[in-house]
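Below is one structure, written out as structure tokens; the observations come after it.
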There are 2 protein chains.
Amino acid sequence: MSELSAATGAPIATIKYYLREGLLAPGERTSPNQANYGDAHVRRIRLVRALLGPGGLDVATAKDVVAAIDSDLPINHVFGIAQRAASVRLTGLGGDDEALARVDELLAGLRIHPSNPGREAAAAVIAAFESTGQRHEPDWYRRSLEAALVVAEADLDMVERRQGRDAQAETVVVGTALGDALFAALRRAAQEHVSTLRYEPVAPVEPDHREHPDVRQH
Amino acid sequence: MSELSAATGAPIATIKYYLREGLLAPGERTSPNQANYGDAHVRRIRLVRALLGPGGLDVATAKDVVAAIDSDLPINHVFGIAQRAASVRLTGLGGDDEALARVDELLAGLRIHPSNPGREAAAAVIAAFESTGQRHEPDWYRRSLEAALVVAEADLDMVERRQGRDAQAETVVVGTALGDALFAALRRAAQEHVSTLRYEPVAPVEPDHREHPDVRQH
DNA sequence: CACTATCGATAGTTACAGTATCCATATGCG
DNA sequence: CGCATATGGATACTGTAACTATCGATAGTG
């Protein structure tokens with residue numbers, strides 16, 4: 001077990017905790033107080049740490065998600081579970097009916113089922129947004145959706161590159177959990193880029209050889 | 001104060017807590033144990049609740065952000081503070097140098113400063129992603145960045161529609177905090193849509209009049 | 001003038017994700 | 001052979017974060 005800890009960087013007490021919580025399968029027993037762990041355990045711990053850390057899932061949700069990987073559910077079911085897991089933080093906040101109606105209008109033309117977790121989550125976010133006194137922003141919503149469709153294509157393409165259900169399931173899970181965080185990070189970079197282009201459009205003479213752009217922000 | 005509570009839905013004890021934590025300015029005193037609150041207080045409480053709820057900020061970060069609104073800092077500084085606030089959950093996880101190099105390669109050509117919070121956050125996410133045994137996915141990263149540029153334009157357009165620094169500052173803050181959650185939600189919907197189109201491409205005869213599409217997932 | 005509400009301070013609660021301690025065993029090295 | 005070290009499992013504890021509840025003194029209200 002200390003090897004597991006060394007290989008993953010997770011403290012032993014934490015590994016025991018994951019075992020207890022069912023996030024990690026028990027090792028192969030060799031005696032009442034001895035077990036062997038293999039490469040699969042190392043990878044699973046790294047997966048769990050990615051889900052709990054950057055992925056932002058809680059332990060109970062992460063458990064559902066790893067259980068889905070290990071199950072024999074078809075890949076689209078695994079996808080649904082991963083989607084719900086990634087939406088947990090926003091479900092149950094309940095956007096009002098008006099916000100739901102706006103969302104349905106926005107999503108008209110898309111082939112989604114009303115139970116899609118994004119629908120309710122989007123309603124909750126829009127309700128919160130407009131409750132702060134912000135105007136209704138259909139243009140912002142619509143363009144966000146256009147971009148979401150682009151990344152959704154990229155998400156599915158990535159999964160299709162994997163061979164076999166198990167590899168696909170793992171990619172679905174980690175891609176869904178980490179994809180949001182990745183996009184948010186890239187959005188930060190893109191915002192600064194676009195802002196700089198708009199407000200400090202000093203066209204570099206040699207676009208590919210320029211030094212650091214001007215310091216902005218802070 | 002009970003009016004404040006009634007108008008916002010926040011319990012009185014919670015409003016007192018926000019006051020204590022500096023998330024909310026004290027009311028205008030009329031006597032040692034009486035104060036008047038106005039519409040600004042109601043809107044500020046709704047803003048705080050949006051930041052702490054769907055926005056996912058912690059109290060300390062939300063405090064910085066509302067302080068930025070109330071300051072006289074120029075709007076691009078407020079933007080920087082909001083960006084950092086939205087990135088808090090991913091900063092300090094430290095992606096390794098290799099991941100940082102990948103991110104820099106990905107962001108080459110963008111006019112951003114190395115201190116942009118998205119840069120480090122993206123490195124942390126990519127490091128976590130690849131640590132789980134997932135392959136390096138330049139295509140996925142690149143297409144996510146393309147989409148991020150699209151929403152970044154939409155973000156700035158939305159801010160430009162506002163008149164005056166204060167209105168812009170509030171839109172910057174709430175848009176940055178809630179934008180990530182909104183996009184994540186729309187991505188859930190877009191994923192199901194794209195998946196359905198690819199794997200159940202039953203072309204509807206009347207695209208605008210169809211009933212519920214087939215139930216997928218779960 | 002009794003009653004309810006308010007302010008501010010302080011203390012308590014809940015949920016979550018670990019972290020630490022104990023114990024009985026089991027290797028494995030000297 | 002025998003003891004130091006590590007293991008698995010159970011249980012208890014810690015720390016953080018975001019509230020939530022109670023209290024005492026005071027102050028408008030009917």
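Below, chains carry the letters A, B, ... as their sequence lines are ordered, and counting in each starts from 1.
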**OP:** Output all residues satisfying side-chain contact (heavy atoms from CB on, under 4.5 Å) with B:S2, sequence neighbours left out; order by chain, then residue number.
**Re:** B:I12

Subject >> Polar side chain donor-acceptor pair, B:D58 to B:T61, under 3.5 angstrom >> reply: yes

Original post:
Among residues 58-67 of chain B, which residues get a heavy atom nearer than 4.0 Å to DNA chain D?
Top reply: B:D58, B:V59

Subject >> Side-chain N,O (A:Y18) to OP1/OP2 (C:dG18) below 4.0 Å >> reply: yes

Original post:
According to the side chain to side chain donor-acceptor pair (under 3.5 Å) rule, which pairs have a member within residues 140-156 of chain B, sequence neighbours left out?
Top reply: A:W140-B:D155, A:D155-B:W140, A:D157-B:R143, A:R187-B:D155, A:Q191-B:D155, A:R198-B:E153, B:E130-B:Y141, B:D139-B:R142, B:D139-B:R143

Original post:
Which ring-ring contact (aromatic ring centres under 6.0 Å, His included) pairs, counting each pair once, include a residue from residues 37-76 of chain B, with sequence neighbours left out?
Top reply: B:Y37-B:H41

Which pairs would a plain distance check flag for residues 170-185 of chain A, meaning a side-chain donor or acceptor within less than 3.5 Å of a matching protein atom at least two apart in sequence or in another chain?
| from | atom 1 | to | atom 2 | distance (Å) |
| --- | --- | --- | --- | --- |
| A:E170 | OE2 | A:R43 | NH1 | 3.4 |
| A:T171 | OG1 | A:R162 | NE | 2.9 |
| A:T171 | OG1 | A:A167 | O | 3.1 |
| A:T171 | OG1 | B:Q134 | OE1 | 2.7 |
| A:T176 | OG1 | A:V172 | O | 2.6 |
| A:D180 | OD1 | B:R188 | NH2 | 3.3 |
| A:D180 | OD2 | B:R188 | NH1 | 2.9 |

**OP:** Nearest whole angstrom, please: distance from the P of D:dA18 to the CZ of B:R49.
**Re:** 12 Å

**OP:** May I ask you to list the residues of residues 19-29 of chain B, by number, that have any heavy atom positioned under 4.0 Å from an atom of DNA chain C?
**Re:** B:R20, B:R29

Original post:
Where along nucleotides 25-30 of chain D does protein come under 4.0 Å, by heavy atom, of base (B) or sugar-phosphate alone (S), with - for untouched nucleotides?
Top reply: -BSS--

Original post:
What ring-ring contact (aromatic ring centres under 6.0 Å, His included) pairs are there with at least one residue in residues 2-25 of chain A, not counting sequence neighbours?
Top reply: none

Original post:
How would you list all residue pairs meeting side chain to side chain donor-acceptor pair (under 3.5 Å) that involve residues 85-99 of chain B, not counting sequence neighbours?
Top reply: B:E98-B:R102

Original post:
5'-most contact on DNA chain D: A:Y37 or B:A13, nearest heavy atom basis?
Top reply: A:Y37

Original post:
Nearest-Å distance, CD1 (B:I12) to P (D:dT20)?
Top reply: 12 Å

**OP:** Among the candidates C:dG18, D:dG9, D:dT20, find the nucleotide nearest to the side-chain atoms of A:L52.
**Re:** C:dG18

Original post:
Quick one: salt bridge (Lys or Arg N to Asp or Glu O under 4.0 Å) pairs with a partner in residues 44-57 of chain A, sequence neighbours left out?
Top reply: A:R44-A:D70

**OP:** For the side chain of A:K16, starting at C-beta, report the closest nucleotide among C:dG18, D:dT20, D:dG8.
**Re:** D:dG8

**OP:** Take the protein atom CG of A:L51 and the nucleotide atom C1' of C:dG18, then report the distance between them rounded to whole Å.
**Re:** 17 Å

**OP:** May I have all residue pairs that pass salt bridge (Lys or Arg N to Asp or Glu O under 4.0 Å) and include part of residues 13-23 of chain A, sequence neighbours excluded?
**Re:** none

Original post:
So, is B:T14 close to the D:dT20 phosphate, meaning a side-chain N or O under 4.0 Å from OP1 or OP2?
Top reply: yes

Original post:
When the distance from CE of B:M1 to C1' of C:dT4 is rounded to whole Å, what number comes out?
Top reply: 16 Å

Original post:
What nucleotide among D:dA6, D:dC19, C:dT19 has an atom nearest to a side-chain atom of B:Y17?
Top reply: D:dC19

Subject >> B:E28 versus B:N36, side-chain donor and acceptor atoms under 3.5 Å >> reply: no

Original post:
Between atom CD1 in A:I15 and atom C1' in C:dG18, what is the gap in whole Å?
Top reply: 13 Å

Subject >> Residues which pass side-chain hydrogen bond (donor to acceptor under 3.5 Å, both in side chains) with A:T8, listed by chain and number, not counting sequence neighbours >> reply: none

